[in-house]
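Heads up: the structure comes next, in structure tokens.
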Amino acid sequence: SFARPQKELKAFAKIELAPKATKTLRFTLNREAFWYFNARKGAWSVDPGDFEILVGASSRDIRLSAPFTLQPEAHASRLHTGLPIQTILDDPDGNAVLSKHIGGFILMADMSMARGMTIEQVAENHPTYISRELLAAIADDLAKV
């Protein structure tokens, strides 16, 4: 979903070997190794899909390659109830979800200080404003965007 270079360096080690010597190196590429900063979302993102790991002495001297598929993260959502309310409000999709469920509450003048809190914190401290059921409904809608 985002234009990226054809090849990206994700791990390396500089070693010296004596003639005819060998050494085993291990690199771990976790999901974070495939993140990129998505300026449109203002967050780190990862796109699932087919990738190829290339191992070599340089980008022009590839000696080993292996394809793999990066699976989508289960129930991954860029927005969730553990984020500060202001972060969710700054996102158009998140703003729509909060407006739908707690628009009047968020717009109250004395609630401006709550914008630095998470929805979970507000629900915990003020269950009369955000019940467990309402918190679950907000979480469900945020997970869909």
Side-chain angles (χ1 to χ4, degrees), residues 1-16 22-145:
S1 65
F2 185 77
R4 295 177 67 175
Q6 185 178 12
K7 296 178 184 177
E8 296 178 2
L9 178 64
K10 297 300 179 179
F12 75 95
K14 184 176 180 178
I15 61 169
E16 292 186 32
T22 64
K23 183 172 185 175
T24 300
L25 299 175
R26 294 189 189 275
F27 297 100
T28 301
L29 298 177
N30 59 16
R31 189 172 203 81
E32 197 171 298
F34 298 91
W35 283 0
Y36 64 92
F37 190 77
N38 185 324
R40 186 173 47 85
K41 294 179 180 179
W44 290 96
S45 296
V46 63
D47 290 331
D50 295 327
F51 291 85
E52 185 175 21
I53 299 294
L54 306 173
V55 180
S58 73
S59 64
R60 293 184 195 101
D61 183 9
I62 302 302
R63 299 177 184 189
L64 180 68
S65 66
F68 78 99
T69 301
L70 183 62
Q71 299 295 326
E73 203 166 10
H75 306 292
S77 177
R78 62 186 167 86
L79 299 175
H80 51 82
T81 57
L83 290 171
I85 291 171
Q86 188 62 55
T87 300
I88 299 171
L89 288 172
D90 288 343
D91 182 282
D93 295 325
N95 193 313
V97 170
L98 292 188
S99 295
K100 171 185 169 185
H101 292 286
I102 55 174
F105 171 71
I106 289 300
L107 296 175
M108 292 171 41
D110 60 344
M111 287 311 301
S112 61
M113 66 178 194
R115 291 180 178 215
M117 299 172 67
T118 68
I119 300 170
E120 293 167 355
Q121 290 170 324
V122 174
E124 186 177 313
N125 294 321
H126 305 285
T128 56
Y129 292 119
I130 302 179
S131 66
R132 289 189 182 278
E133 294 79 16
L134 180 55
L135 181 64
I138 294 169
D140 286 345
D141 283 354
L142 288 175
K144 294 174 187 172
V145 298

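The residues of the chain are indexed from 1 along the displayed sequence. Computed from a predicted structure; not experimentally measured.
Between the side chain of Asn30 and the backbone N or O of Ala33 there is at least one donor-acceptor pair closer than 3.5 Å. At distances below 3.5 Å, not a single donor-acceptor pair connects side-chain atoms of Lys10 with backbone N or O atoms of Leu29.
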* To do: List the steps and the verdict of side-chain contact (heavy atoms from CB on, under 4.5 Å) for Val97 and Lys100.
  => CA-CA 5 Å; Val97 170; Lys100 171 185 169 185; 5.7 Å; no

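Side-chain contact between Ile102 and Tyr129 is absent, with no heavy-atom pair separated by less than 4.5 Å. Side-chain atoms of Ile119 and Ile85, non-hydrogen and from C-beta on, do get closer than 4.5 Å to each other.
Remark: Leu79 CG to Ile138 CD1 distance equals 12.5 Å, nearest 0.5 Å. Rounding to the nearest 0.5 Å gives a distance of 10.0 Å between OG1 of Thr81 and CG of Leu98. A distance of 11.0 Å separates CG of Leu9 from CG of Leu54, quoted to the nearest 0.5 Å. Between atom CG of residue Leu83 and atom CE of residue Met117 there is a gap of 14.5 Å, rounded to the nearest 0.5 Å.
Looking at every heavy atom in both residues, Pro84 comes nearest to Gly116 through CB-O, 3.9 Å. Closest heavy-atom contact between Arg4 and Trp35: NH2-O, 4.0 Å. Heavy-atom minimum distance, Lys7 versus Ser59: NZ-O, 3.0 Å. The two residues Ser58 and Ile62 come nearest to each other via the heavy atoms O-CD1, 3.5 Å. Here the closest non-hydrogen pair linking Gln71 and Pro48 is C-CB, 3.8 Å.
Every residue was checked against the ring pair (Phe, Tyr, Trp, His ring centres under 6.0 Å) condition with Phe12, not counting sequence neighbours, and none meets it.
For the side chain to side chain contact (heavy atoms under 4.5 Å, CB included) with Arg115, the qualifying choice from Ile88, Leu89, Thr87 is Leu89, the only one to do so. When each of Leu134, Leu142, Leu135 is tested with His101 by the rule side chain to side chain contact (heavy atoms under 4.5 Å, CB included), just one qualifies, namely Leu134.
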